[in-house]
Amino acid sequence: MTTDNSPATEDDLPEQLRIRREKRASLIERGIEPYPVAVARTKSLKEVREKYTDLAVDVATGDIESLTGRIIFKRDTGKLCFATLREGDGTELQAMLSLDKVGQDQLDAWKSDIDLGDMVSVTGEIITSKRGELSILATSWALASKSLRPLPNDHKPMSEETRVRMRYVDLIVRPEARVAARMRPAVMRSLRETFNSESFIEVETPMLQVMHGGATARPFKTFSNAYDMDLYMRIAPELFLKRCVVGGIERVFEINRNFRNEGADSSHSPEFAMVESYMAYGDWRSIADVTRSLIQNAAMAVAGSHVVTHHDGRQADLGGTWKEISLYDAISEGVGEKVTALTSIDELKKYATKLGMKIDPKWVTGKLAEEIFEHVAQDKLVEPTFVMGYPVDTSPLVRAHRETPGVVEKWDLYVDGFELATGYSELIDPVIQRERLIEQAQLGAKGDLEAMQVDEDFLRAMEFGMPPMGGMGMGVDRLLMALTGLGIRETILFPLVKPEAD
RNA sequence: GGGCCUAUAGCUCAGUCGGUAGAGCAACGGACUUUUAAUCCGUGGGUCGACAGUUCGAGCCUGUCUGGGCCCA
């Protein structure tokens with residue numbers, strides 16, 4: 001936010017903001033720097049907490065330290081003042097200022113100049129109070145940064161909107177926000193370690209693409225001035241990772257952002273982190289094993305167990321091998337009739353209508369089958385479940401099932417009722433691939449905004465020979481959701497939010 | 001895209017039947033040398049999301065718009 005120092009604006013400020021600006025001005029007038037370049041700091045609060053774990057009540061250690069933190073509570077009792085300091089990871093430590101240690105002037109200055117939210121450096125002895133609280137008893141103190149805005153009530157949760165709009169404040173006041181922010185990098189690290197231990201190589205492929213592909217989704221479109229042409233934000237890295245495999249990076253992965261210009265809700269964000277991986281000489285089964293390892297190792301890394309505890313206390317067991325169901329078996333069970341990939345669209349429409357579903361006339365046969373599946377089975381997909389065998393017409397990059405006609409070797413992994421990951425035996429025949437992409441392009445020409453384009457360079461790469469392989473993709477945000485039970489906007493530090501009205 | 005809920009002090013929220021706007025925390029002034037959301041006494045702080053309408057009178061009723069949340073397709 002830009003600062004506006006015009007007098008009229010200053011006068012319009014709410015009382016609490018105006019008072020703090022006045023305090024800042026007063027400090028400067030008295031020659032006290034409210035934003036010093038450096039303050040004394042010999043240890044973190046965490047280091048002090050870890051060093052003194054078993055002190056008795058009312059003990060003076062003789063150890064002098066300089067500690068910093070944000071003031072989160074203040075308690076003044078006249079000639080003795082208490083303050084709770086908090087540092088970034090949430091570690092707190094009490095600071096004490098007494099008249100006999102700091103003198104009248106410094107004590108008065110503390111009372112008048114220091115507000116909740118200010119950052120300070122306190123120098124003094126590490127002690128325990130008469131109530132046994134580990135504390136630093138100040139001999140001197142200095143302002144590290146003056147806060148010009150009051151912190152929200154530390155004891156009431158901020159509204160969901162305020163939390164998202166002011167994540168920086170959320171991180172100061174809400175422990176769950178601090179945990180969530182630190183869980184994402186822990187999961188990322190775990191994913192990379194799992195890949196590394198299996199000799200996968202991490203690559204970075206283009207986010208700005210000349211044509212979009214690798215998934216069926218609406219892309220964000222942008223424009224390059226230098227190249228004078230339209231570009232697309234990538235919807236998936238798939239086609240580039242497969243080029244890597246053609247080039248001999250036989251086990252490859254990428255963890256990076258994808259962008260999809262579609263709806264946003266509690267499980268969809270317009271930009272989301274995705275891990276995608278390909279394994280030469282693997283297939284849908286071997287890549288499913290890799291996926292399970294990635295998830296279970298991530299659970300172990302953040303929860304110390306394959307059983308994770310959600311924020312609401314509910315536990316989810318991600319351990320062991322996971323249930324597998326067949327997509328078409330589940331549909332057949334749901335509609336009470338035998339349904340296969342060869343069942344006609346008219347039959348499917350009849351079943352869907354009987355189920356009370358609204359049918360989009362643009363849906364192809366396979367899409368309708370998937371919709372029926374979601375309708376009849378989604379509630380049953382809470383424990384980790386591989387749904388095996390998808391229709392060919394919605395999966396243009398997957399090879400045909402080795403036994404079942406009309407089906408491709410694709411699984412979706414469901415956890416907590418949402419789709420967490422997908423995996424294929426990849427289509428490696430360039431001639432069939434071209435046919436599939438041409439079909440997609442024809443859908444696109446008919447107005448399907450999610451259809452893929454024909455990527456001639458990708459087809460050329462395939463024509464050089466692509467080894468048999470398994471591939472997978474998994475939403476990192478959704479993995480965090482599965483591990484924590486949080487909504488996607490709580491797993492993303494700064495989710496897209498519309499600007500506040502003036 | 002459709003439905004429902006929601007917007008009031010810095011923060012979290014009350015606000016009855018349409019009749020001059022309330023609480024807790026926070027802030028300001030004062031007291032207090034062992035507090036743990038300290039306590040006690042006192043004080044201030046509001047364009048009730050925006051615009052229009054109904055009405056003698058609107059935080060409250062109606063409409064439109066904007067932001068946020070939930071559910072559905």
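Each chain gets a letter, A, B and so on, in the order its sequence line appears, and its residues count up from 1.
- Under 4.0 Å is where a charged nitrogen must lie from a carboxylate oxygen, and between R489(A) and D477(A) no such pair does.
- Residue contacts shown for L99(A) include a base, since a base heavy atom lies under 4.0 Å away.
- Closest to the side chain of H155(A), out of rC32(B), rC25(B), rC70(B), is rC25(B).
- Side-chain proximity of F73(A) to rG68(B), rA37(B), rC28(B): nearest is rA37(B).
- Ring to ring, H212(A) and F259(A) are not that close: their centroids are 6.0 angstrom or more apart.
- One can find a donor-acceptor pair under 3.5 Å joining the base of rG44(B) and the side-chain atoms of E15(A).
- Nearer to the 5' terminus of RNA chain B, by closest-nucleotide assignment, is the contact made by P157(A) (compared with the other of P157(A) and K111(A)).
- In this structure, T77(A) and K23(A) both approach RNA chain B, and ranking their closest nucleotides by distance from the 5' end singles out K23(A).
- R489(A) comes within contact range of the sugar-phosphate backbone alone, with a heavy-atom separation under 4.0 Å but no base atom that close.
- Of the candidate nucleotides rA27(B), rU36(B), rA37(B), rU36(B) has the atom lying nearest to any side-chain atom of Q94(A).
- Counting non-hydrogen atoms under 4.0 angstrom, M96(A) reaches a base of the nucleic acid.
- At the heavy-atom level, K156(A) lies under 4.0 Å from the strands shown only through sugar-phosphate atoms.
- Within the 4.0 angstrom heavy-atom criterion, no nucleotide atom of any strand lies near T84(A).
- Contacts of S135(A) with the nucleic acid, taken as non-hydrogen atoms under 4.0 Å apart, are absent.
- Between S98(A) and the phosphate of rU34(B), there is no side-chain N or O to OP1/OP2 separation shorter than 4.0 Å.
- With distances taken from any side-chain atom of D100(A) to the nucleotides rC25(B), rU33(B), rA26(B), the minimum falls on rU33(B).
- R174(A) and E490(A) are joined by a salt bridge, as a carboxylate oxygen and a charged side-chain nitrogen come within less than 4.0 angstrom of each other.
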Take R70(A) and L85(A) through the side-chain contact (heavy atoms from CB on, under 4.5 Å) test and state the conclusion after the steps.
CA-CA 5 Å; R70(A) 189 186 291 275; L85(A) 304 183; over 6 Å; no
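- Following rounding to the nearest Å, K367(A) (NZ) and rA73(B) (C1') show an atom-to-atom distance of 12 Å.
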Only Watson-Crick and G-U wobble pairs with both distances less than 3.5 Å should count. Give RNA chain B in dot-bracket notation, marking inter-strand partners with |.
(((((((..((((.....[..)))).(((((.......))))).....(((((..]....)))))))))))).
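- In summary, E87(A) and R41(A) engage in a salt bridge, as defined by a charged side-chain N under 4.0 Å from a carboxylate O.
- Remark: the Q16(A) side chain and the rA26(B) base include a donor-acceptor N/O pair separated by less than 3.5 Å.
- If you measure from atom CZ of R21(A) to atom P of rA27(B), you get 17 Å, rounded to the nearest angstrom.
- For D100(A), the CG atom counts as densely surrounded, since its 6.0 Å shell holds more than 12 non-hydrogen atoms of other residues, nucleotides or ligands.
- When rounded to the nearest whole Å, the span between CG of D118(A) and P of rA26(B) equals 15 Å.
- For P14(A), whose side chain is taken as the heavy atoms from C-beta onward, the closest listed nucleotide among rG67(B), rC13(B), rG10(B) is rG10(B).
- Taking the C1' atom of each, rC70(B) and rU62(B) are spaced 25 Å apart, rounded to whole Å.
- Shown are R149(A), K146(A), Q16(A); of these, the side chain to side chain donor-acceptor pair (under 3.5 Å) with D115(A) is made only by K146(A).
- Side-chain proximity of K79(A) to the nucleotides rU33(B), rU12(B), rG67(B) is greatest for rU33(B).
- Spacing between atom CD of E160(A) and atom C1' of rU12(B) amounts to 15 Å, rounded to whole angstrom units.
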Salt bridge (Lys or Arg N to Asp or Glu O under 4.0 Å) between D170(A) and R167(A), intermediate numbers included
CA-CA 5 Å; D170(A) 191 27; R167(A) 185 69 83 194; 2.8 Å; yes
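- Residue D360(A) is classed as having no contact, given no heavy-atom separation below 4.0 Å to the nucleic acid.
- Among the heavy atoms of the strands lying under 4.0 Å from L116(A) are primed sugar atoms or P, OP1, OP2 only; no base atom is included.
- Relative ring orientation between F73(A) and H155(A) is described as parallel, the plane-to-plane angle staying below 30° on a 0-90° scale split at 30° and 60°.
- Counting non-hydrogen atoms under 4.0 angstrom, D154(A) reaches nothing in the nucleic acid.
- For L80(A), taking side-chain heavy atoms from C-beta onward, the closest of the listed nucleotides rA37(B), rU33(B), rU36(B) is rU33(B).
- Heavy atoms of K101(A) sit nowhere under 4.0 angstrom from any nucleic acid atom.
- Distance from the side chain of K498(A) is smallest for rG68(B) among the nucleotides rC25(B), rG68(B), rA73(B).
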